[in-house]
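Below, chain A is the first sequence line, B the second, and so on; all start at residue 1.
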2 protein chains.
Amino acid sequence: MSENPADDAAPVARPDLAAMVVPLGRALVAAELPVLRAHDLAMWAYAVLLRLDAEPMRSQAALAQAIGADKTRLIGILDDLAQRGLIRREPDPSDRRARLLSLTAEGHRVRTAVQSAIQEREERLLARLPEADRRGFLRALQALSALSAAELGG
Amino acid sequence: MSENPADDAAPVARPDLAAMVVPLGRALVAAELPVLRAHDLAMWAYAVLLRLDAEPMRSQAALAQAIGADKTRLIGILDDLAQRGLIRREPDPSDRRARLLSLTAEGHRVRTAVQSAIQEREERLLARLPEADRRGFLRALQALSALSAAELGG
DNA sequence: TATTGTTATACTCTATAACTATA
DNA sequence: TATAGTTATAGAGTATAACAATA
């Protein structure tokens, strides 16, 4: 009758992954917001700086897809970043429909300052975990987030 | 000049936690949705079943706070669950403003069936991780999700 | 008056559709 | 005609404010 505990009234061995991961993600985002606000950056703007620092992009559509954003919502973000001199945004000479996107030196500086502040906080949080769990957590997290959404769902 | 790699152009050692956790959460939720849909349950309805199975609640406000939902959005969910006979929802005789909430036997059955299906999928995902990382991941996740949002942010 | 539940409303984020310009 | 970018619009999810019943 109780060979499989999940069939009985007893609580399951662990909460669902989503029930732990989603609230954790919300809390991590909430912890980032003050840092971003201090640099007057929206969350998506920060995502843009990170992506363009890793690699310049050939078009806004490519950038949108790379960071999982909608291309229409990116426009205001890019307007702001370009106006503040954090990114370059110029028509591709070989196809003037597309916009070549890259980070300026100032954009790189801001990106680095923000990420340092964010990861400093994160390290204080991770320091509360036992060393072995901490390493396993980070490795598993990087492995899982490298899988495509399709693989995670299958 | 390059004693601290974060000050230079080189990429940082790891992505920000939120940048890994939030998309992972989204993917996990997306993986749950087909299971929930098969049982004709909304995500919040499932959260209600889980919470009430753990412990009956003295009021809708208490339930809302316990699962991190807005009390106004819970109402339609509770209407549906009560109508389908998955929960009991009766005025507290000692304070008829409040509604006593608890799971019916059928509600418990549904909760167990859904969670089994969900965790079955999750186990297949976790099986892709090395055993040590998997254990560290789950332990760290449970530890972090037990911290309050305030602690995570501080 | 304070609290529980409810309804109505507004706001944010996101996705869809229509328009301009280049090709 | 097809594509990149832009603008305008609509939808989902969420939070806020006002209301009715009970204490």
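Among the nucleotides D:dG5, C:dT6, C:dA17, the one closest to the side chain of B:Lys71 is C:dT6.
The shortest distance between the side-chain N/O atoms of B:Arg99 and the OP1/OP2 oxygens of D:dA21 is not below 4.0 Å. Applying the 4.0 Å criterion to OP1 and OP2 of C:dC13, one finds that A:Trp44 has every side-chain N and O outside that range. The shortest distance between the side-chain N/O atoms of A:Arg96 and the OP1/OP2 oxygens of D:dA4 is not below 4.0 Å. Listed pair A:Arg73 / C:dT14 meets the phosphate criterion, a side-chain N or O lying under 4.0 Å from OP1 or OP2.
When heavy atoms are screened at a 4.0 angstrom cut-off, B:Arg58 is found touching no nucleic acid atom at all.
Between the C1' atom of C:dG5 and the CG atom of B:Leu100 lies a distance of 13 Å, rounded to the nearest Å. Computed from coordinates, the B:Arg89 CZ to C:dT4 C1' distance equals 12 Å when rounded to whole Å. Here the P atom of nucleotide D:dG13 and the CD1 atom of B:Ile75 are 17 Å apart, to the nearest Å. The CD-C1' distance, from A:Gln65 to C:dA15, rounds to 16 Å in whole Å. Spacing between atom CZ of A:Arg26 and atom P of C:dC13 amounts to 14 Å, rounded to whole angstrom units. Taking atom CG of residue A:Leu78 and atom P of nucleotide D:dT6, one finds them 7 Å apart after rounding to whole Å. Taking atom CG of residue B:Asp79 and atom P of nucleotide C:dT6, one finds them 7 Å apart after rounding to whole Å. Note: CG (A:Leu74) to P (C:dT16) measures 16 Å, nearest angstrom.
A salt bridge links B:Arg84 and B:Asp80; the closest N-O separation between the charged side-chain nitrogens and carboxylate oxygens is under 4.0 Å. Salt bridge annotation for A:Asp79-A:Arg89: present, with a cationic side-chain nitrogen under 4.0 angstrom from a carboxylate oxygen.
Between A:Gln60 atom CD and A:Arg99 atom CZ the span is 6.5 Å, to the nearest 0.5 Å.
Under a cut-off of 6.0 angstrom, the local environment of CD in A:Gln83 is sparse, with at most 12 non-hydrogen atoms contributed by other residues, nucleotides or ligands.
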Checklist entry - Yes or no on salt bridge (charged side-chain N to carboxylate O under 4.0 Å, His left out) for A:Arg37 and A:Glu32, after CA distance, side-chain angles and deciding distance? => result CA-CA 9 Å; A:Arg37 193 147 34 215; A:Glu32 281 191 10; over 6 Å; no

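Residue order along DNA chain C, read from the 5' end via each residue's closest nucleotide, puts A:Thr72 first among A:Asp95 and A:Thr72. Judged by closest nucleotide on DNA chain D, A:Arg97 is the one of A:Arg97 and A:Gln60 placed further toward the 5' end.
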